[in-house]
Amino acid sequence: MPLDDLSSVRTVDELTAAAAGLDLTPGWVNRPVPILWKEPKSDFRVHQWKWSVARAGLDSAARLIGTDLAERRNLIMRNPIPGNDLATLRTLICAYQTILPGETARSHRHTPHAFRAILESQGAWSIVNGEKHPMETGDVVLTPGWSWHGHGHDGDAQAYWFDGLDVPLTHLLEPMFFEEHPAGLEPVRAVTPDSPFRFTWGATQKALDETRPDDGGFFGRRIALDTQTMPTIGIHMQRWQSGFRSRPYRCTANQIFVVMQGHGASQIGGEAIDWSFGDTIAVPGWTSIEHHAKDDAVLVSMTDEFLQRWTKYWRFESLA
Ligand code: GTQ
Ligand code: FE2
């Protein structure tokens with residue numbers, strides 16, 4: 001019998017063995033990990049990164065390495081599961097980044113979409129497609145995929161921000177392109193404090209003032225930023241009054257919360273997590289979420305919810 005002839009096999013076992021030799025796997029064979037399962041069961045873990053710890057790391061990085069060598073002086077928040085050295089959650093990565101007064105970080109562009117939420121900055125900026133966007137404390141600045149972006153700092157004190165990107169999704173789908181700007185730092189064509197890529201702290205607070213808490217009680221006062229130029233990353237800003245307790249829920253979206261103001265305690269997947277300014281919490285999809293603000297708090301969150309809605313995978317469930 002020729003090795004590639006499956007016509008004359010006499011038993012199921014023979015067929016299985018012969019097919020395997022031709023890179024054909026019978027679907028009826030028991031596998032260690034099945035193809036389908038009842039409900040989401042992420043390998044990724046709920047995890048929190050404390051700002052106090054990461055900030056000290058950034059300060060040491062600023063002391064030890066310049067932006068000439070480190071194109072981006074950042075600390076990536078790797079989900080602590082075996083074999084993973086990049087992804088924060090299945091589709092998302094995030095990092096903390098810092099820049100010193102007078103420094104610049106060269107311009108580049110890549111297919112992954114990105115944004116920054118500014119934790120501490122007076123005078124830092126990002127040049128996005130030739131337009132200089134101020135990055136002041138509390139601002140959110142978008143760099144949609146394939147837009148040139150480089151950073152710099154005209155102020156007097158070290159600046160810090162949170163970066164969020166969809167790099168793991170790009171890795172999965174494989175359309176990765178990356179290019180350095182020929183000029184190093186892209187020349188500034190215009191200064192644009194008002195730009196669809198920039199959401200100032202002031203504008204966010206005003207929009208939140210005009211928003212009522214959601215009727216379901218799951219999210220409190222919350223707005224979605226317009227990220228249609230980068231549809232894989234949803235960004236919400238939420239503001240909770242001292243004492244706010246959310247109704248528990250779970251949804252299939254992967255979510256990362258960053259604390260912009262205040263402190264609180266949340267129950268995430270049954271785990272108590274105390275959070276305060278600058279902390280980041282990664283929450284894989286289908287994990288129970290119940291937030292509690294202990295003083296007036298503002299959190300920014302990034303999510304693949306809109307991507308999951310578009311693919312019709314998204315599900316939401318109230319847990320109380
Ligand atoms: O600032 O351009 O944290 O390209 C990771 C990759 C930041 C950036 C990160 C990046 C950037
Ligand atoms: Fe980048």
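All values derive from a computational prediction rather than experimental measurement. Each ligand, and each atom within it, is numbered from 1 in the order the structure gives.
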Inset, instruction - Evaluate the ring planes of Y249 and F316, with Trp represented by its six-membered ring, and classify them as parallel (under 30°), tilted (30 to 60°) or perpendicular (over 60°). - result: parallel
Legend entry - Ligand-side contact atoms (ligand 1) for residue partner H108, heavy atom cut-off under 4.0 Å: 2 (O), 4 (O)
Legend entry - Identified side chain to side chain donor-acceptor pair (under 3.5 Å) counterpart of H149 within the set H181, R106, H108: H108
Inset, instruction - Give the numbers and elements of all ligand 1 atoms closer than 4.0 Å to a heavy atom of H151. - result: 1 (O), 2 (O), 8 (C)
Legend entry - Atom indices of ligand 1, in the order listed, that fall short of 4.0 Å to a heavy atom of H110: 4 (O)
Legend entry - pair R109-E180: side-chain heavy atoms closer than 4.5 Å: no
Inset, instruction - Could you tell me which atoms of ligand 1, counted from 1 in the order shown, lie closer than 4.0 angstrom to a heavy atom of A95? - result: 3 (O)
Legend entry - Residue and atom name of the nearest protein heavy atom (relative to atom 8 (C) of ligand 1), distance in Å to one decimal: R72 NE, 2.9 Å
Legend entry - Backbone N/O of A320 and side chain of S318: donor-acceptor pair under 3.5 Å: yes
Inset, instruction - Using a 4.0 Å heavy-atom cut-off, say whether L165 meets ligand 1 through its side chain, its backbone, both or neither. - result: side chain
Inset, instruction - Quick one: look up the protein heavy atom nearest atom 9 (C) of ligand 1 and list residue, atom name and how far away it is. - result: N74 ND2, 3.2 Å
Legend entry - Ion pair check, R198 and D139, cut-off under 4.0 Å: yes
Inset, instruction - List every atom of ligand 1 that sits less than 4.0 Å from any heavy atom of D163, numbering the atoms from 1 in the order shown and giving each element. - result: 3 (O), 7 (C), 9 (C)
Legend entry - Check ion pair D274-K50 (N to O, under 4.0 angstrom): no
Inset, instruction - For the Fe ion (ligand 2), find the closest N/O/S atom belonging to H108 and write down its atom name. - result: NE2
Inset, instruction - Work out which heavy atom in Q241 is nearest to a heavy atom in A293; give both atom names and the distance. - result: O-CB, 3.7 Å
